Amino acid sequence: MTVAITLSSVLSALVLALALVLPSIASPTVPFGVRVPAQRADDPTVVRQTRAYRRRVLIGGIIAAGICVAIYGVTGETLLLPLTVLALVSVWYGCFFLANHEIRAAKAAGSWYEGLRQGIAVDTELRTDPPRFPWLWLAPALIVTAATAVIGVILYPSMPAILAVHYDAKGVPNREAAKSVGAAFSLVFVQIGVTALLAGIAAAIFRTRPDIDPAHPLGSARWHRQYMLLGARALLGLVAVIDLAMLGSSLLMWTGTVTPWAPLVVVLPILAAVLVAVVVVSRNNRERDGGEEDTGLTHRDDDKLWRGGMFYVNREDRALMVARRFGVGWTLNFGNPKTAMLFAGVVALFALVIILRLGG
């Protein structure tokens, strides 16, 4: 119970902190997903909505957490604790859409783009001289996965006849399965699937369409290249930690170890890795002023391609991923058919886990 409460509290605090700082690390020309000219980045409406967003997130988050804790106090059901995180995320997105709506309305009413020279900048060297994929950063994940498989093969003859394939929040096994290759090596298959998925996403980052600032095209293109490499490294480092957590969980299952700290073996390393990745990427999420002379151009007004400022839908864009407008990293192009294939792969991975781990 203590472990569940601690993990839920830490995760809720991280979500709330991230929601509060995002307006500061997002690009100033897309406040809350609305494309605005650089000279309107400090418009009174933007400043007012930023303050209102943070106030709403903080108050709404405290209320949501209080309600979930009260429900837990009445029912005593630890499974209700993760609802706090879900409630915080719901509050977060609700506050985002309110700010997005108000800034979009002010932009339309004030004709913020009237008389401005809009333009598009491209980096042609991304095709002729693309940045190299950091293959060495993929090696740790492959080594850990291979090591897990080898250790499993060695320990298989001495494994218990009944394997604990799932633990509850208290670290007590609540699901068992007869020893078999599918049950014993289920997490190895998870390692393979997660490694392939996140490595594929990291590779897709190098094929994203850069959102280059036409006012400072050279510096923006240079920053984009560095940001792509940083994002790919962060993902590959994360998948290595996930695979390491799967190795730890597999060892508990293979040796029949029962401990109240079992959930921490998986959750804590992954949570720490996610935090490090988010912090590293966030610190480099904004393009730095390199002293480049302003061309006099501004980004074209492309709000129509972003539903609610959050979801990119463009069937004419062949890119699978594009730079996220609010937050860090990238988002999917929901107008690209490959997005549905990616979701199908994720669903298939979850289905495989359920079949192998819960089917015994």
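Note: hydrogens, waters and symmetry copies are ignored here, and every other heavy atom, side chains too, is used. Note that the coordinates shown come from a computational prediction; the quantities given were computed from them, not determined experimentally.
With hydrogens and angles disregarded, a donor-acceptor distance shorter than 3.5 Å links the side chain of Arg54 to the backbone of Leu20. When atom types are taken as modelled, the side chain of Lys338 and the backbone of Asn333 share no donor-acceptor pair closer than 3.5 angstrom. Although no hydrogens or angles enter the test, the distance criterion places a donor-acceptor pair under 3.5 Å between the side chain of Ser186 and the main chain of Ala183. Of the possible donor and acceptor atoms, none in the side chain of Ser111 sits under 3.5 Å from a partner among the backbone N and O of Glu114. Put simply, the side chain of Asp243 never gets that close to the backbone of Thr195: no donor and acceptor are under 3.5 Å apart. Although no hydrogens or angles enter the test, the distance criterion places no donor-acceptor pair under 3.5 Å between the side chain of Trp254 and the main chain of Gly152. Gln118 places a side-chain N or O within 3.5 Å of a backbone atom of Asp301 that can act as its donor or acceptor partner. Side-chain atoms of Ser249 never come within 3.5 Å of backbone atoms of Ala245 as a donor-acceptor pair (strictly under, hydrogens ignored).
Here Thr255 contributes atom OG1 and Leu163 contributes atom CG; the two are 10.0 Å apart, rounded to the nearest 0.5 Å. Distance check: Tyr93 OH to Leu98 CG gives 15.0 Å after rounding to the nearest 0.5 Å. If you take CD on Gln49 and CD1 on Ile103, they are separated by 6.0 Å, rounding to the nearest 0.5 Å. Atom CG of Leu235 and atom CG of Leu138 lie 11.5 Å apart (nearest 0.5 Å). A distance of 15.5 Å separates CG of Leu230 from CZ of Arg225, quoted to the nearest 0.5 Å. Here the straight-line distance linking atom CZ of Phe185 with atom OG of Ser180 works out to 10.0 Å at 0.5 Å rounding.
Counting heavy atoms of neighbouring residues, nucleotides and ligands inside a 6.0 Å radius, atom CG of Asp42 does not exceed 12 of them.
The aromatic rings of Tyr227 and Trp330 are tilted relative to each other, their planes meeting at an angle between 30° and 60°.
Judged purely by distance below 3.5 Å, without hydrogens or angles, the side chains of Thr45 and Glu102 never pair a donor atom with an acceptor atom.
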Inset, instruction - Evaluate the criterion side chain to side chain contact (heavy atoms under 4.5 Å, CB included) for residue pair Ile192 and Thr145; output intermediate values, then yes/no. - result: CA-CA 7 Å; Ile192 296 173; Thr145 300; 4.0 Å; yes
Inset, instruction - Decide yes or no on side chain to side chain contact (heavy atoms under 4.5 Å, CB included) for Asp43 and Trp112, but give the supporting numbers first. - result: CA-CA 10 Å; Asp43 186 87; Trp112 289 2; 3.4 Å; yes
Inset, instruction - Tell me, with the steps shown, if Val30 and Trp306 meet side chain to side chain contact (heavy atoms under 4.5 Å, CB included). - result: CA-CA 11 Å; Val30 281; Trp306 291 84; over 6 Å; no
Legend entry - Verdict with supporting geometry, Glu293 and His216, side chain to side chain contact (heavy atoms under 4.5 Å, CB included): CA-CA 7 Å; Glu293 184 178 354; His216 309 94; over 6 Å; no
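Put simply, the side chain of Ile201 reaches to within 4.5 Å of the side chain of Met321, judged on heavy atoms. Taking 4.5 Å as the limit, every side-chain heavy atom of Ile120 sits out of range of all side-chain heavy atoms of Pro214. Contact of the Tyr312 side chain with the Leu332 side chain is not registered, since no non-hydrogen atoms from C-beta on lie closer than 4.5 Å. Two residues are said to be in side-chain contact when any heavy atoms from C-beta on lie closer than 4.5 Å; Asn336 and Thr339 meet this criterion. The shortest distance between side-chain heavy atoms of Val46 and Arg40 does not fall below 4.5 Å. The closest side-chain heavy-atom distance from Thr50 to Pro31 is not below 4.5 Å. Counting only heavy atoms from C-beta outward, the side chains of Thr148 and Gln191 approach each other to under 4.5 Å. The closest side-chain heavy-atom distance from Tyr113 to Thr298 is below 4.5 Å.
Under the 4.5 Å side-chain heavy-atom criterion for ILVMFWY residues, a single connected hydrophobic cluster contains both Ile62 and Leu18. Neither Phe133 nor Leu136 shares a network with the other; the hydrophobic side chains, linked directly or stepwise wherever heavy atoms of I, L, V, M, F, W or Y lie under 4.5 Å apart, form separate groups for each. Grouping the Ile, Leu, Val, Met, Phe, Trp and Tyr side chains by contacts below 4.5 angstrom, directly or via other members, places Ile205 with Phe334. Both Leu14 and Val279 belong to a single network of hydrophobic side chains, linked directly or stepwise wherever heavy atoms of I, L, V, M, F, W or Y lie under 4.5 Å apart. Under a hydrophobic clustering in which Ile, Leu, Val, Met, Phe, Trp and Tyr are joined whenever their side-chain heavy atoms come within less than 4.5 Å, directly or via other members, Ile151 and Val241 fall into different clusters.
Salt-bridge annotation for Lys107 and Asp303: present, with a side-chain N of the basic residue lying under 4.0 Å from a carboxylate O of the acidic one. Arg35 and Asp211 are joined by a salt bridge, as a carboxylate oxygen and a charged side-chain nitrogen come within less than 4.0 angstrom of each other.
Heavy-atom minimum distance, Tyr156 versus Val181: OH-N, 3.6 Å. Counting all heavy atoms, side chain and backbone alike, Gly309 lies closest to Arg325 at O-CB, 4.0 Å. Residue Leu320 comes nearest to Ala204 through the heavy atom pair CD2-CB, 4.4 Å, listed as atom of the first residue, atom of the second, then distance. The minimum heavy-atom distance linking Ile212 with Ser220 is given by the pair CA-OG, 3.3 Å. Residue Ala38 comes nearest to Thr29 through the heavy atom pair CA-CG2, 4.0 Å, listed as atom of the first residue, atom of the second, then distance. Heavy-atom minimum distance, Val239 versus Ala141: CG1-CB, 3.7 Å.
Residue Tyr53 is tested with Phe97, Phe96, Phe32 for a ring pair (Phe, Tyr, Trp, His ring centres under 6.0 Å); the sole match is Phe32.
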